[in-house]
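Just the heavy atoms: all of them, side chains too, but no hydrogens, waters or symmetry mates, feed the values below.
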Amino acid sequence: MRSLPNRIRQYDAYTSVYDTIKKYMSGHGTLSDMKTDALKERHWKTILQKLNIHVPYAELTIGMLWDNGLLDRKKDMAE
């Protein structure tokens, strides 16, 4: 995105999309940590309760985690 001309980068839409992408990229480490086999079903129950997600683990998607504030609660998820 940085390769775009300055006249494009000055728009609010560019800034908004850039910030959103940057936020998701910063949350990638958190998602990678959650991928580990060390997290058992009981851990996932706790995570889903903290995020107020009420779906079975088998139906869970990354979008649900993002939509329910995973990126805003990275410190809580580290516990």
Could you check whether atom CD1 of I62 has more than 12 heavy atoms from other residues, nucleotides or ligands sitting under 6.0 Å from it? no
Would you find a donor on one side and an acceptor on the other, under 3.5 Å apart, between the side chain of R9 and the backbone of Y14? no
Okay, side chain of S16, backbone of D12: is any donor-acceptor separation there less than 3.5 Å?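 Answer holds: no.
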For K40 and W44: C-alpha separation, side-chain torsions, deciding distance, then whether side-chain contact (heavy atoms from CB on, under 4.5 Å) applies. CA-CA 7 Å; K40 304 295 182 199; W44 278 105; over 6 Å; no
Go through L31 and L70 one step at a time and tell me if the side-chain contact (heavy atoms from CB on, under 4.5 Å) criterion holds. CA-CA 9 Å; L31 289 173; L70 173 69; 3.4 Å; yes
Worked verdict on I53 versus D67 for side-chain contact (heavy atoms from CB on, under 4.5 Å): CA-CA 10 Å; I53 298 174; D67 291 342; over 6 Å; no
List the atom of M64, the atom of E59, and the distance in Å for their closest heavy-atom pair. CE-O, 3.6 Å
Closest heavy-atom contact between R7 and Q10? O-CG, 3.2 Å
How long is the span from the [atom1] atom in [X] to the [atom2] atom in [Y], to the nearest 0.5 Å?
X: T46; Y: E41; atom1: OG1; atom2: CD; result: 11.0 Å
X: D19; Y: Y24; atom1: CG; atom2: OH; result: 12.5 Å
X: N68; Y: H54; atom1: CG; atom2: NE2; result: 8.5 Å

